[in-house]
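Below is one structure, written out as structure tokens, with a few remarks after it.
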Protein chains: 2
Amino acid sequence: MTTLQEKSQLKHQRILDMALKLFTRRGFFKTSVHDIQRETQVSIGSIYHHFGNKEAIAKALLDSIEEQLFLAVTEIMSNHQSAQERCKAIISYLFEISEADPDAMHYMLYARHREFLPDEKPVCSSRPFSLMKEIVATGIEAGEIREMDLNVAAVSIFGGPIRLIFLRLDGVLEQKLPHYLDACWQSSWRGVTAQPPSW
Amino acid sequence: MTTLQEKSQLKHQRILDMALKLFTRRGFFKTSVHDIQRETQVSIGSIYHHFGNKEAIAKALLDSIEEQLFLAVTEIMSNHQSAQERCKAIISYLFEISEADPDAMHYMLYARHREFLPDEKPVCSSRPFSLMKEIVATGIEAGEIREMDLNVAAVSIFGGPIRLIFLRLDGVLEQKLPHYLDACWQSSWRGVTAQPPSW
DNA sequence: GTCTATACCTGGATAGAC
DNA sequence: GTCTATCCAGGTATAGAC
């Protein structure tokens, strides 16, 4: 019988879900643990029993979201070989997940984690983003992407799409992100691809 | 004799300067008005006399930085005609100012203002960024930039460079931003420019 | 593991003298 | 306009019963 354990697990998850919602809407500093208590109906004592302190909730949230993204990227890497296919698949995935779970995306991209998680690396150095950089690196080695600084290549490919996600999260775009995928991708890729001799 | 007024003005500025420094390093919520008092040696009473409340300091800071950027962009517009020249000049300016005054850039780009300034529009809708979008729009009308959604075009041009600024502010780049200008610009512009018929 | 009650303190803001 | 002293709300975290 693990019913009790399961109930505890469920509570754990309920706390995380509500924290994500509140953190993205009001921000980390504007949401108190009392707020989480009120909305989840889980007592303050339990919350502290599960997480220890407020920062730890934020950290657990971040870890979980980054892990999810990391897994998605590794899966994409095993399903596609060229940098071109991989990068496009990643952008497509980011667009879809931004629509399906905007809070998670918002939290990862938009929150300044370093303000309340001082020991955290910047997003761009997190595991999934490092993977994306690796993909670009091998694309350069393979001659798919023209010779250029790695960081410049990475921002040239992903900078536009990420910016577009911000616009969407800020409510500026009318259409859903996948609607813009092809146009956006065309610009990104055309910018970094090896130049045809005639041009 | 305006010596007293001038002393007051100076104090005003000292508060703003220190607030910018503290807000960008520790974040808005982690810096107390007492911190500002301690570092500037201006009393709490004076600080509140000048600004009314803590948010107003943040707002004044934001307004001043956005105004500065707005003026720079308008100047660039009067000095250059084509979208190509204008956009490149803007990116070049952003790169330079990021090196010269990283705190200001950091504050404008990286802070989540809506978290502590709930009535503030998102950065992307601020006056200078709206101007940049207009430039892109006229570039499309003129046929300089190929036919595509305006938002997509804008993020394709500026998304990469802005991402690169983030990397620099996060200490990821070794070289100063202007060092990457040409490579970065080439990718951005090539991505959105009208396609040659042979390709 | 879960709860209630509470300790403790930080920090925004004001009062009122100068 | 500037200052010091102070107020007090709200928030993190803990104690201790169940």
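Keep in mind the model is a prediction, meaning the values are calculated, not measured. We name chains A, B, ... by the order of the sequence lines, and we start the count at 1 in each one.
Taking the nucleotide of DNA chain D with the nearest heavy atom to each of B:Val42 and A:Gly52, the more 5' of the two is matched to B:Val42.
Set against C:dT14, C:dG1, C:dG11, the side chain of A:Ser8 has C:dG1 as its closest nucleotide. For A:Asn53, whose side chain is taken as the heavy atoms from C-beta onward, the closest listed nucleotide among C:dA13, D:dA13, D:dT12 is D:dA13. With C:dG12, D:dT12, D:dT2 as the choices, the nucleotide that has an atom nearest any side-chain atom of B:Ser32 turns out to be C:dG12. Side chain of A:His49, nearest nucleotide from C:dA13, C:dG1, C:dG12: C:dG1. Ranking D:dA5, C:dG12, D:dT12 by closeness to the A:His34 side chain, first place goes to D:dT12. Listed candidates were C:dT2, D:dT2, D:dA13. Nearest to the side chain of A:Tyr48 is D:dA13.
The separation between A:Arg38 atom CZ and C:dT4 atom P is 14 Å, rounded to whole Å. One can place CD1 of A:Ile47 at 12 Å from C1' of D:dT12, the figure rounded to the nearest angstrom. Regarding A:Lys11, its NZ atom lies at a distance of 11 Å from the P atom of C:dG1, rounded to whole Å. Rounding to whole angstrom units, CD1 of residue A:Ile57 and C1' of D:dA13 are separated by 12 Å. Nucleotide C:dT14 holds its P atom 16 Å from the CZ atom of B:Phe51, rounded to whole Å. If you measure from atom CD of B:Gln41 to atom P of D:dT2, you get 15 Å, rounded to the nearest angstrom. The nearest whole Å value for the distance from the CD1 atom in A:Ile44 to the P atom in D:dG16 is 18 Å. A straight line from CZ of B:Phe116 to P of C:dG12 spans 13 Å, rounded to a whole angstrom.
Nucleic acid contact class of B:Ser46 (heavy atoms, under 4.0 Å, all strands): base. At a threshold of 4.0 angstrom between heavy atoms, the contacts of A:Ser43 include nucleobase atoms, whether or not backbone atoms are also involved.
Residues B:Lys176 and B:Phe95 fail the side-chain proximity criterion, which asks for heavy atoms closer than 4.5 Å.
Of the inter-residue distances, the one linking A:Cys184 atom SG with B:Met148 atom CE reads 7.5 Å to the nearest 0.5 angstrom.
When the side-chain nitrogen and oxygen atoms of B:His12 are compared with OP1 and OP2 of D:dG1, none of them lie within a distance under 4.0 Å.
Using bins of under 30°, 30° to 60° and over 60° for the plane-to-plane angle, the ring pair A:Phe116/A:Phe29 lands in the perpendicular bin.
Residue pairs that meet the side-chain hydrogen bond (donor to acceptor under 3.5 Å, both in side chains) test with at least one member in residues 52-77 of chain B, sequence neighbours left out, are B:Lys59-B:Asp63, B:Glu67-B:Arg127.
Minimum interatomic distance between B:Glu99 and B:Pro178 (heavy atoms only, all atoms of both residues): CG-CD, 4.0 Å.
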